[in-house]
2 protein chains.
Amino acid sequence: MTTTLGYAVLGLLARRPHSGYEVAARMRTPIGYFWTASHAQIHGTLSKLVEAGLAAYTTEPGPGPYDKKMYTLTPAGRTELARWAASPPPAPQPRNEMLLRVYNGWLADPAAVVAMLDGEIARHRDTLGTYQELRAAFDANGTPDDPRSVRFADYATLLAGIGSEREELRWLKWLRDTLRAASDSDGAG
Amino acid sequence: MTTTLGYAVLGLLARRPHSGYEVAARMRTPIGYFWTASHAQIHGTLSKLVEAGLAAYTTEPGPGPYDKKMYTLTPAGRTELARWAASPPPAPQPRNEMLLRVYNGWLADPAAVVAMLDGEIARHRDTLGTYQELRAAFDANGTPDDPRSVRFADYATLLAGIGSEREELRWLKWLRDTLRAASDSDGAG
DNA sequence: GCGCACATGTAATTCGTTACATGATTAC
DNA sequence: GTAATCATGTAACGAATTACATGTGCGC
């Protein structure tokens, strides 16, 4: 009925009305943890959702030359989003630049690869830290347990993020330490 | 110097010469585990790699109306690929349809979500099984330990796959069991 | 005879990013 | 005054998929 981005946008509208600008902000955070889009793409997607009857808007005067539009979910949009949420996802098309680099790492200087991995480890540690703070905030207000609540849905995606960041870190550290040990004994031998 | 797909293709040529058709086959397996492309995209990319001096080809008569082309890596291609492999990857643009569904799962019937998760669990179990067979084959011939070897690079990407599939399964099962418990007590209450 | 593997190419379309364009209000 | 936030829109380009197009050789 719409594109995947369309469903991402509907998911925000299901929580509360948003302007296009607000949708773009949420596509950086928190949706940005699992879906991203530029504002140019979002405005076009919102128009198409309205055309398809899944969203509607009211206008208010905006600060610039265009009117501000507040978008809401229509009943048809809600039905369609609920249907989509429980439908089987297509097999993802993997695109992992990190693994592609490691696949070709045998051609490069191990010390250079170790430096690159150190950078990645730092980046993932940051991300994991952010997620853990968010989790602490959840837990402080009582761990969500009703699977029909918005809070539970948010919490479940957060736990996925924490798990995958931890696993990614574990693997990155194993690889870095293995490469470092091998290049050290190389230098010593 | 080229696109990410270009580096994926160069990575194959660094191992041995390939025809465009063979590159397409390897983009399904094993590169397909972390990068994918259709044959239409591959033929275009190969042309551009040749134009950029990173790959070269020799022609042989093909079975159909076009000549078969065997592509090899040039010295410039090898240098560029080694440089790229140790360069810091850009922050990935996350696109996870599964998480987007869970984010909206509070709108849907929990039993329908559980059924969808069961399907996903089966899919990941299959993938993990495949990876573990590949790993057993590696270990049977001695675990790779030289980080400058092609074998080690292949092995490292495989371990990443095993780790992430395991983690994904762990999370999927937690979510399914939690949803099932909640909808069971719902039906009983 | 039919389908599959081999082998390469083009065209149409969609998805997604980056850059360009306009302009008010608020904080430093 | 200058930058950031709010607010929406178009144009140009590149990345990626799907469909169309051609044709041999082999196994069933």
Side-chain angles (χ1 to χ4, degrees), chain A residues 1-9 12-13 17-29 31-32 34-52 55-71 90-97 100, chain B residues 1-9 12 17-29 31-32 34-52 55 57-71 90-97 100:
Chain A
M1 284 285 258
T2 176
T3 60
T4 306
L5 175 57
Y7 291 110
V9 172
L12 290 171
L13 301 185
H18 286 79
S19 67
Y21 184 88
E22 287 168 337
V23 168
R26 269 149 208 284
M27 282 288 159
R28 288 189 293 273
T29 247
I31 304 282
F34 45 90
W35 207 267
T36 47
S38 62
H39 86 103
Q41 215 189 343
I42 287 162
H43 286 299
T45 297
L46 281 165
S47 300
K48 278 177 200 160
L49 290 175
V50 171
E51 222 182 293
Y57 64 87
T58 55
T59 42
E60 305 167 29
Y66 300 100
D67 278 345
K68 173 175 168 174
K69 296 176 182 171
M70 283 305 283
Y71 291 89
Q93 301 285 286
R95 295 233 149 77
N96 188 324
E97 286 215 21
L100 214 43
Chain B
M1 282 286 258
T2 176
T3 59
T4 307
L5 175 57
Y7 291 111
V9 172
L12 291 171
H18 286 79
S19 67
Y21 184 88
E22 287 168 338
V23 169
R26 267 148 209 284
M27 281 290 157
R28 288 189 293 272
T29 251
I31 304 282
F34 45 90
W35 207 266
T36 46
S38 62
H39 87 102
Q41 216 188 343
I42 287 162
H43 286 298
T45 298
L46 280 165
S47 299
K48 276 177 200 160
L49 290 174
V50 171
E51 223 181 292
Y57 65 87
T58 55
T59 41
E60 304 168 29
Y66 300 99
D67 278 343
K68 173 176 168 173
K69 295 178 184 171
M70 283 304 284
Y71 291 88
Q93 300 287 284
R95 295 231 151 77
N96 190 324
E97 286 215 23
L100 214 44

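Lettering of chains follows the sequences in order, A, B, ..., and the numbering in each one begins at 1. Keep in mind the model is a prediction, meaning the values are calculated, not measured. Computed from heavy atoms alone, side chains included, the values below leave out hydrogens, waters and symmetry copies.
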**Study point:** chain A contact limits on DNA chain C, taken 5' to 3' with a cut-off of 4.0 angstrom to heavy atoms
**Key:** C:dC15 to C:dA24
**Study point:** Gap between atoms CZ and P, on A:R26 and D:dA7 respectively (whole Å)
**Key:** 12 Å
Exercise for review: Calculate the interatomic distance between A:K48 atom NZ and D:dT8 atom C1'; express it in whole Å.
Suggested key: 17 Å
Study note, to complete from the structure: Expected list for residues 38-47 of chain B near DNA chain D, using heavy atoms below 4.0 Å, is B:S38, B:A40, B:Q41
Check your understanding: In residues 63-70 of chain B, what residues come within less than 4.0 Å of DNA chain D, judged by heavy atoms?
Key -> B:P63, B:G64, B:P65
What pair of heavy atoms forms the shortest contact from [X] to [Y], and how long is it?
{"X": "B:S19", "Y": "B:K68", "answer": "CB-CE, 4.1 Å"}
{"X": "A:L13", "Y": "A:A55", "answer": "CD1-CB, 3.9 Å"}
{"X": "B:H43", "Y": "B:G20", "answer": "CE1-CA, 4.0 Å"}

Counting C-beta onward and ignoring hydrogens, is there a side-chain heavy-atom pair between [X] and [Y] closer than 4.5 Å?
{"X": "A:E60", "Y": "A:D67", "result": "no"}
{"X": "B:M27", "Y": "B:L5", "result": "yes"}
{"X": "A:R28", "Y": "A:T36", "result": "no"}
{"X": "A:M70", "Y": "A:Y57", "result": "no"}
{"X": "B:L49", "Y": "B:T45", "result": "yes"}

**Study point:** A:F34 atom CZ: more than 12 heavy-atom contacts under 6.0 Å
**Key:** yes
Exercise for review: Could you list the residues that satisfy side chain to side chain donor-acceptor pair (under 3.5 Å) with A:E97, not counting sequence neighbours?
Suggested key: A:R101, B:T4
Point to revise | Residue list, side chain to side chain donor-acceptor pair (under 3.5 Å) with B:Y71, at least two apart or on another chain | key: none
Check your understanding: Between B:T2 and B:K48, does a side-chain contact (heavy atoms from CB on, under 4.5 Å) hold up when you go through it step by step?
Key -> CA-CA 8 Å; B:T2 176; B:K48 276 177 200 160; 5.9 Å; no
Practice item. Carefully, step by step, assess A:Y7 and A:M1 under the rule side-chain contact (heavy atoms from CB on, under 4.5 Å). Key: CA-CA 9 Å; A:Y7 291 110; A:M1 284 285 258; 3.7 Å; yes
Check your understanding: At how many degrees, to 10°, do the end axes of the helix from C:dG1-D:dC28 to C:dC28-D:dG1 meet when each uses five pairs?
Key -> 30°
